[in-house]
Amino acid sequence: MTAASATLRARAAVGHARSEAPWLRLLIVAGAVIFLVLFILLPLIVVFTEAFKEG
Amino acid sequence: MLIRKPSVIPGFRLTLGISMGWLGVIVLLPLAALFLKAASLGWDELVDIVTSERVLAALRLSFGAALAAAALNAVVGLVVSWALVRYEFPGRRVLDAMIDVPFALPTAVAGIALSALYAETGWLGRAFGLIDIKIAFTPLGVFVALVFIGLPFVVRTLQPVLQDLEPEVEEAAASLGASRPQTMWRVVLPAILPALFTGFALAFARAVGEYGSVIFIAGNVPLVSEIAPPLIMLKLEEYKYADATAIAVAMLMLSFLLLLLINFSQRRLVRETVS
């Protein structure tokens with residue numbers, strides 16, 4: 001019983017070995033998205049809005 | 001030795017000759033001409049030009065902002081490439097494609113877009129104005145522009161390395177009892193460290209020589225937000241060719257030294273973390 005649960009726990013640990021805790025995952029993705037939007041998407045949008053301002 | 005016994009690399013001398021000849025014509029010849037022109041000044045004059053207040057301030061800003069931007073790009077680039085390679089989230093492919101925008105956008109267009117964005121009337125400029133931070137026409141503007149153009153260098157050098165990391169290595173570390181931070185620090189980081197350094201060096205090298213995207217947002221205020229390349233342009237426009245090459249030689253030597261230092265510390269750090 002205890003041996004089986006230990007194996008299960010070990011397997012769960014290995015299953016998560018290549019991923020982070022959910023909150024950290026969210027933080028990483030949010031950080032990446034916010035940075036890219038601010039630093040790359042926004043200048044790109046400005047290029048188009050400036051270009052089409054005159055019609 | 002090559003003449004006495006047949007080489008294990010067929011055509012070694014021919015290919016080496018082509019490589020060296022090409023490198024000489026494309027890289028070494030212009031650099032030699034640069035040094036030759038600067039040498040026409042004489043040592044005292046050269047030192048005078050390079051250590052003048054305005055040139056020193058420009059060099060300090062160029063290299064300081066480039067190093068700072070490359071450092072930020074190394075950290076953010078790691079997070080971004082990790083998110084793009086490891087996680088699945090809506091809009092991932094679009095963001096992945098967007099990374100190349102700073103490569104593809106003509107630098108002058110990028111510069112105008114950035115200055116429109118960060119000027120006091122721009123979207124972000126107004127927002128930062130509320131908390132009393134001026135970005136356009138300050139050293140901070142130079143930094144922002146250099147972060148913009150440097151990011152793809154870090155992300156695009158890291159991505160393939162992260163993709164090629166064997167899943168088994170991390171699983172083995174975990175099954176041997178390593179915690180996730182331990183695995184990251186001792187297994188993943190050493191594997192990606194060389195690529196991270198290369199990305200940093202590339203972003204730095206590009207940032208030091210950057211001209212188009214910086215000049216609009218920086219405003220080139222002497223002693224405040226003027227980087228070295230427009231100063232070289234200025235000397236050229238005044239027909240002071242030797243002065244221009246003097247600044248160029250100073251930039252060249254500094255970049256060379258710094259890149260050498262980066263390479264050296266890369267090798268040392270990699271050796272330390274692996275062993």
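Lettering follows sequence order; numbering is per chain, from 1. Everything quoted here is computed from the prediction, not taken from an experiment.
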Can you give each donor-acceptor pair under 3.5 Å made by side-chain atoms of residues 106-132 of chain B, sequence neighbours left out, with the distance rounded to 0.1 Å?
unit_1: Ser115(B); atom_1: OG; unit_2: Gly111(B); atom_2: O; d: 2.9
unit_1: Ser115(B); atom_1: OG; unit_2: Ile112(B); atom_2: O; d: 3.0
unit_1: Arg126(B); atom_1: NH2; unit_2: Thr121(B); atom_2: O; d: 2.9

Name the one of Val76(B), Leu151(B), Val147(B) that satisfies side chain to side chain contact (heavy atoms under 4.5 Å, CB included) with Phe39(A)?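 When side chain to side chain contact (heavy atoms under 4.5 Å, CB included) is applied between Phe39(A) and each of Val76(B), Leu151(B), Val147(B), only Val147(B) qualifies.
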Test Ile40(A) against every option in Leu95(B), Val101(B), Leu105(B) by the side chain to side chain contact (heavy atoms under 4.5 Å, CB included) rule and name the one that passes.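 By the side chain to side chain contact (heavy atoms under 4.5 Å, CB included) criterion, Ile40(A) pairs with just one of Leu95(B), Val101(B), Leu105(B): Val101(B).
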Does anything in residues 22-30 of chain A get under 4.5 Å of chain B by heavy atoms, and if so which residues?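 Residues Arg25(A), Ile28(A), Val29(A) are the ones that qualify, each having a heavy atom under 4.5 Å from chain B.
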With a 4.5 angstrom heavy-atom cut-off, is it the side chain or the backbone of Phe35(A) that approaches chain B, or both, or neither?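 Side chain only.
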Donor-acceptor contacts, no H, no angles, side chain residues 213-222 of chain B, under 3.5 Å, sequence neighbours left out:
unit_1: Ser213(B); atom_1: OG; unit_2: Glu210(B); atom_2: OE2; d: 2.7

Sort Pro167(B) into side chain, backbone, both or neither according to what part of it lies under 4.5 angstrom from a heavy atom of chain A.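 When you check distances to chain A, atoms from both the backbone and side chain of Pro167(B) fall under 4.5 Å.
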Side chain, backbone, both or neither: which part of Val188(B) has a non-hydrogen atom closer than 4.5 Å to chain A?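 Neither part.
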Partners passing ring-ring contact (aromatic ring centres under 6.0 Å, His included) against Phe153(B) (at least two apart in sequence or in another chain):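 Result, ring-ring contact (aromatic ring centres under 6.0 Å, His included) vs Phe153(B): Phe103(B).
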Choice from Leu38(A), Leu36(A), Val47(A) maximising heavy atom contacts with chain B below 4.5 Å: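 Heavy-atom pair counts peak at Leu36(A).
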As an exercise, state the distance from CG of Leu41(A) to CE of Met98(B), rounded to the nearest 0.5 Å.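 Leu41(A) CG to Met98(B) CE: 4.5 Å, rounded to 0.5 Å.
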